[in-house]
Amino acid sequence: MSEAGVTSDPVSKRSPSVVSEIEHTLGRIEARNLALNAFTRILADDALEAALEARAGPLTGLSFAVKDLFDLKGHTTTAGAKMRLDAPVATEDAEAVRRLKAAGAICVGTLNMDEYAYGFATVNAHFGTTRNPHDTGRLAGGSSGGSAAAVAAGLVDVALGSDTNGSVRVPASLCGVWGLRPSEGLIPLEGVFPFVERFDRVGPFTRTSGLMARVFAVLADQLVPQPVARKGLRIARLSGFFARNASEDAIAALDQVCAGLGGVDTIDIEGAEAARSAAFLITAAEGGAFHLEALRERVMDYDPAVRDRLLAGALMPAGLYQRALGYLETFKAEMAEIFEDYDVLLAPATPITAPRLEDTTMLIDGQPGAVRANLGIYAQAITLSGLPVVSAPVNRPGLLPMGIQMIGKWDSDAALIGLAQSLESEGLLAFSPPSQYVGED
Amino acid sequence: MPKLNLPATAPDPGALDVATLLALEIPNDCRAGLLANFALLRAHAAKLEAGLKIVRARKPRKSRGK
């Protein structure tokens, strides 16, 4: 992989090595994407032109791609929607894209997603379903499923996604890669098509925590986070709501990490289930309100599954929306109390491993619930807190991936990534390449 | 392409029923999905209310003093 071969050495203005690396990347995308449907557009000409002009920077020569809701100058931002195919092209790159390019990374394309980022599956009526590189008969998760799948399959070094209710953390878990939901305001949202602005965050995906640290530094304009020793850190595991619908895989993965840590406290967040419901309701109401005009004018142009959710949100009683909003500060206060006693909380990122493509429902409290809405139950509960989360792949080679959420205090993103690096070096957390590609690179 | 007569602001709680959908001229294709999503919203509203009761009854956590 190109990531492993990158050095901090300056490159000449026209670098044959970067061009060769990007050509290799494009070849790999061509060979593997058809089975995955991770990319919606492969921007080969743009990428090769950028490679010819490659300049030295902290991410020189690394390839990246973006969820198709980041503006790319000269291209239409579809947000996964058919009705936006004829939208005007972007006149500027999104700020996060600009920062990656300025650091020397090269954009090779746009990635599939649930329409308007409203889903946890990356099942898109217009652009198709993105498949999981670990088993193409399974979902990649969503809504940034193309991003997670592209990184897991080695198609790019870095992918950008967005996380409103778990849209980075869920696909990162199911595809076994690293993902970040940063603290509010840390990574700019300019040029990102909105879903629910109060919850929207830009989040990167990588195969190693070390690269996550370098990418975070560029995106957040900070120093590169260094490994943080876990000795002395107060770490707890979340139970209650976060265990109730967890599969054996989810429990076993978290058990494995906690055992590796030498045992940790187990605590309950009493307001977690209500927090998940509040986030669900706020998302429906604000998402519906944002789309109200388009729903009036072009309702049948939406992906049906997204359309019906947005319509329901648009018709939601104002009083219910206000009740949900009123819970925001209550939950933040509960989380602040917990973080007086702890530095990091651990919870499953998803209740199950990647479901099969044909599995449209999963059991929630003993009842069938839609996969599209429920893969993110644990992520969505944390969304309401506004706290940063690293979605980390548990080291379980040979098994379907399962991620955990490492939840930190407000603005502790760098420390969380530092801890992630330590736990990766201890072997507790790690990306495992999909078996179908082992030996190919 | 049908155009929808959606209200400018969120309606009263009584909006969440079939009669309202008919009044809003919601296309047939959307009705089943919409009603299923209304049911989901109601379920989450109930969970939110249950959570609010728990939180109101909750005593402040005792710090572990670590």
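Everything numeric here is computed off the predicted structure, so don't read it as measured data. Chain A is the first sequence line, chain B the second, and so forth, proteins listed ahead of strands; every chain is numbered from 1.
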TODO: List the atom of A:Ala274, the atom of B:Lys47, and the distance in Å for their closest heavy-atom pair.
DONE: CB-O, 4.0 Å
Open item on the list: Looking at every non-hydrogen atom in both residues, tell me the closest pair between A:Ala312 and B:Leu34 and how far apart they are.
Closed with: N-CD1, 3.2 Å
- [ ] Check whether B:Ala50 gets within reach of chain A through its side chain, its backbone, both or neither, counting any heavy atom under 4.5 Å.
- [x] neither
- [ ] Enumerate the residue pairs fulfilling salt bridge (charged side-chain N to carboxylate O under 4.0 Å, His left out) with a member in residues 318-327 of chain A, sequence neighbours excluded, ordered by first and then second residue.
- [x] A:Arg323-B:Glu49
Task: Positive for side chain to side chain contact (heavy atoms under 4.5 Å, CB included) with B:Phe38, one of A:Asp308, A:Leu311, A:Leu315 - done: A:Leu315
- [ ] Please state whether the side chain, the backbone, both or neither of A:Arg309 comes within less than 4.5 Å of a heavy atom of chain B.
- [x] both
Open item on the list: Using side-chain heavy atoms (C-beta onward) and a distance below 4.5 Å, is B:Leu48 in contact with A:Phe280?
Closed with: no
Task: Contacting moiety of A:Asp365, where chain B heavy atoms sit under 4.5 Å - done: side chain
- [ ] Calculate, to the nearest 0.5 Å, the distance between atoms CD and NE2 belonging to A:Glu273 and B:His44 respectively.
- [x] 9.0 Å
TODO: Counting only heavy atoms closer than 4.5 Å, note whether A:Ala272 contacts chain B via side chain, backbone, both or neither.
DONE: neither
Open item on the list: Quick check for you: to the nearest 0.5 Å, what is the distance between B:Asn37 atom CG and A:Met316 atom CE?
Closed with: 12.0 Å
